Asker: 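First the structure, then my questions, so here it is.
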Amino acid sequence: MQYNYNSIKLFLALMAISFSISAQDKPDWQNGVPEACTSITVGKMASFDGSVMTSHTDDSHRTRSWMNITPEERHGRRDKVKMYKRVADDSGPMPAYKHKPIGEIPQVRETYGYINTAYPCMNTDQLAIGESTFGGRESLVSDEGLIDCQRLIKLMLQRCTTAREAIKTGGELLKKHGWNDAGECLTIADTREVWHMEIVGPGKGEVGAIWVAQRVPDDEVSVNANAARIQEIDLENTDFFMASDNIFELARDSMWWNQATGPFRFADAYAPESRESMAARRREWRVLSMMNPTLGLDPETRDYPFSVKPSGKVSLEKMIEIFKDYYEGTPYDMVGHIKKVTEEGDTIPHPMASPFMPYDAYDLFNIHGGWGDLGERTIARWYTMYATITQSRDWLPDEIGGLVWLAQDNVATSVYIPVYCSVNDLPHSYKVPGRKGFNRQSAWWAFNRLSTLASQRWNDMRHDVDSVMVPLQQEIFESQRHAEKEAMSMRTKHTIDHLTRYTAKWGNRVVKEAWDLGDFLWTKYEEKF
């Protein structure tokens, strides 16, 4: 057989260019996989108080920091909703996204209010949604559709009251108007149950989507960390599975699934490369192992159970502990080898060894890991924009029962405040954009500066941070019971005003603490970093 080596060289060059363009179009990706969000879900019988939980760390180098409240609205019969495509924007002082209009879809007559974080997180009927990108096959991505991840979440929260309704409504919208995004997992919770919905595109040039949804058993917990997790499905078991009507067809036609050789597995068919990502699998292992250490999960395996029973009831403190984690004390501690010998001859962690170093520092300190030259992809990240843990509680009125615990920036140095789904406003600093440059009026900048300072001398400064933030978090939890007891004795309007003031009180308090603590660190360690 004769080979045309010039043709082969040209083909490889074009492939390299194609890869480069693809990488440029994915600014929140690293090493070919998403560097984005983690979501943990908890069924009502697995939680400490019977609430259903989902969560989200918005890990991004570009997503907006500002957030506000979008109220319930009435619309005209002919009103439309604009759809946008999110594209990288490097025209400002910091990396950001801009949203390019690409079309419209019909509006409904009435929409529910919601907490408008970058990925909206909860509506006024306690429907809550988390998110994590997993990518999927590049050939499935289509620019013909109108709906991306952020827009789909918004449409679900505006139009639905339950997780099942959100999944069905989302599926109908995607079938008609098309998915315009990479593969995404939405973790959708209501007062009774929580589901994972994994979505990929229909193929280049096509309009539609391929999706599957699986319910987390009430007494179990699950996680998505940038890899598709749903594998074998049983669509006859409608209490636990839903899917688009084309889910098997494309996999069969594309020879991604051979019916004669084994059962259909969604992740293996539509996002197999995501299951190879150690950046995802290491977090899956860590979350499930922290939820139940007796499972003895192998940190090097490819696939983990979709959900597991936790060893005890999952508390808010446990959720925060996991979201603060960076593998300290495990074989995957990236900076555990960076030591210092004291004058007394003791070997201690080096004060300047930090799990939140910028990537450029990794080769300087010989840091490697499951993610190669990017070390380990830990759960806590320095580029988190904000984080949420939601509680949907069916024994309380919606205005009190729907609760979002909201943190700014890196969870390891942050604190969660309570934002009730009924509040009609947020503190001013939470609504101030942060990606236009350093701004003393921005809540995000208060915590971003604190996290950045603490990472410069982590093994000293972390203790200063914890001495303030850990007791503050506990104070918030303890005050919540009294605030809700007061709210229960009020009429609805007064309840909403009361909870809005309560959210504002803690929002303003923690932002002030973050600024003051940053000033303290700068002063105390002025000559040490």
Side-chain angles (χ1 to χ4, degrees), residues 57-67 93-96 117 320 323-326 328 335 349-361 378-388 405-419 426-476 503-529:
T57 56
D58 182 12
D59 301 337
S60 172
H61 303 282
R62 293 177 177 270
T63 302
R64 65 172 166 91
S65 65
W66 65 266
M67 52 195 66
M94 299 176 68
T117 40
I320 293 173
F323 279 119
K324 284 178 176 282
D325 188 74
Y326 47 86
E328 186 176 30
V335 295
H350 198 287
M352 303 188 80
S354 170
F356 306 118
M357 294 178 186
Y359 293 142
D360 288 346
T378 57
I379 300 170
R381 299 304 275 174
W382 73 90
Y383 53 83
T384 298
M385 295 301 299
Y386 67 91
T388 58
W405 294 95
L406 173 67
Q408 296 284 333
D409 201 71
N410 185 350
V411 176
T413 51
S414 194
V415 62
Y416 285 83
I417 67 165
V419 182
L426 293 176
H428 172 73
S429 62
Y430 286 72
K431 298 182 286 187
V432 174
R435 302 206 70 84
K436 295 181 179 180
F438 181 76
N439 190 336
R440 274 271 183 178
Q441 302 304 310
S442 164
W444 177 73
W445 268 112
F447 283 94
N448 179 269
R449 185 189 72 141
L450 172 62
S451 173
T452 303
L453 285 172
S455 69
Q456 306 308 305
R457 196 175 180 90
W458 180 251
N459 283 315
D460 283 341
M461 293 188 187
R462 61 190 283 194
H463 303 297
D464 295 297
V465 173
D466 284 350
S467 70
V468 174
M469 293 305 186
V470 172
L472 181 59
Q473 187 71 78
Q474 193 58 40
E475 184 182 352
I476 293 172
T503 290
K505 166 191 167 183
W506 283 115
N508 291 327
R509 167 84 179 276
V510 302
V511 168
K512 182 180 185 305
E513 293 282 3
W515 284 121
D516 290 347
L517 186 52
D519 290 347
F520 171 78
L521 295 180
W522 204 302
T523 303
K524 180 178 179 180
Y525 297 97
E526 184 267 332
E527 293 187 350
K528 294 185 177 181
F529 67 91

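Positions are given from 1 along the sequence. These figures come from a predicted structure and were not determined experimentally.
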Asker: So R381 and T57, do their side chains get closer than 4.5 Å, heavy atoms only?
Answerer: no
Asker: So among I320, L406, I476, which one has a side-chain contact (heavy atoms from CB on, under 4.5 Å) with Y416?
Answerer: I320
Asker: Check for a donor-acceptor pair, side chain of N448 on one end and backbone N or O of W444 on the other, with a separation under 3.5 Å.
Answerer: no
Asker: L517 and L453: side chain to side chain contact (heavy atoms under 4.5 Å, CB included), yes or no, with the steps?
Answerer: CA-CA 10 Å; L517 186 52; L453 285 172; over 6 Å; no
Asker: Judged by modelled atom types alone, do D409 and T384 share a side-chain donor-acceptor pair under 3.5 Å?
Answerer: no
Asker: For G507 versus I417, what's the shortest heavy-atom pair and its separation?
Answerer: CA-CD1, 3.7 Å
Asker: Given salt bridge (charged side-chain N to carboxylate O under 4.0 Å, His left out), test D466 with R462 step by step and report yes or no.
Answerer: CA-CA 6 Å; D466 284 350; R462 61 190 283 194; 5.3 Å; no
Asker: Please report the shortest heavy-atom distance between P355 and Y326, naming the atom on each side.
Answerer: CG-CD1, 3.5 Å
Asker: Is it true that D58 and S60 share a donor-acceptor pair across their side chains at a distance under 3.5 Å?
Answerer: no
Asker: Please report the shortest heavy-atom distance between W515 and S442, naming the atom on each side.
Answerer: CZ2-O, 3.9 Å
Asker: Short question: side chain of R435, backbone of P95 - any donor-acceptor pair under 3.5 Å?
Answerer: yes
Asker: Measure the spacing between CE of M385 and CZ of R62 and express it to the nearest 0.5 Å.
Answerer: 12.0 Å
Asker: Judged by atom type as modelled, is there a donor-acceptor pair below 3.5 Å linking the side chain of Q474 to the main-chain atoms of V470?
Answerer: no
Asker: Got a donor-acceptor contact below 3.5 angstrom from the N459 side chain to the H350 backbone?
Answerer: yes
Asker: Determine yes or no for a side-chain-to-main-chain donor-acceptor pair under 3.5 angstrom, with S414 supplying the side chain and Q408 the backbone.
Answerer: yes
Asker: Can you check whether W66's main-chain N or O pairs, donor with acceptor, with K431's side chain at less than 3.5 Å?
Answerer: no
Asker: Identify, with sequence neighbours excluded, every residue that meets ring-ring contact (aromatic ring centres under 6.0 Å, His included) alongside H61.
Answerer: Y383
Asker: Would you say the side-chain atoms of T378 pair up with the backbone N or O of A380, donor to acceptor, closer than 3.5 Å?
Answerer: yes
Asker: Among V415, N410, T413, find the residue that satisfies the side-chain contact (heavy atoms from CB on, under 4.5 Å) test when tested with F447.
Answerer: V415
Asker: Is any side-chain heavy atom of V411 closer than 4.5 Å to one of I379?
Answerer: no
Asker: Identify the heavy atoms of T503 and V419 that sit nearest to each other, and give their distance.
Answerer: OG1-CA, 3.6 Å
Asker: Report, one line per pair, each donor and acceptor closer than 3.5 Å where one atom sits in a side chain of residues 522-529; sequence neighbours left out.
Answerer:
unit_1	atom_1	unit_2	atom_2	d
T523	OG1	D519	O	2.9
K524	NZ	D464	OD1	3.0
Y525	OH	D464	OD2	2.5

Asker: Contact between W506 and E475 at the side-chain level, heavy atoms closer than 4.5 Å - yes or no?
Answerer: yes
Asker: Do R440 and R449 have side chains that get closer than 4.5 Å, going by heavy atoms?
Answerer: yes
Asker: State, with a plain yes or no, whether a side-chain heavy atom of M469 is found less than 4.5 Å away from one of L450.
Answerer: yes
Asker: Of all the heavy-atom pairs spanning S65 and V432, show the shortest one and how long it is.
Answerer: OG-O, 4.0 Å
Asker: To the nearest 0.5 Å, how far apart are CE in M461 and OG in S455?
Answerer: 8.5 Å
Asker: Of all the heavy-atom pairs spanning N439 and P433, show the shortest one and how long it is.
Answerer: ND2-O, 4.2 Å
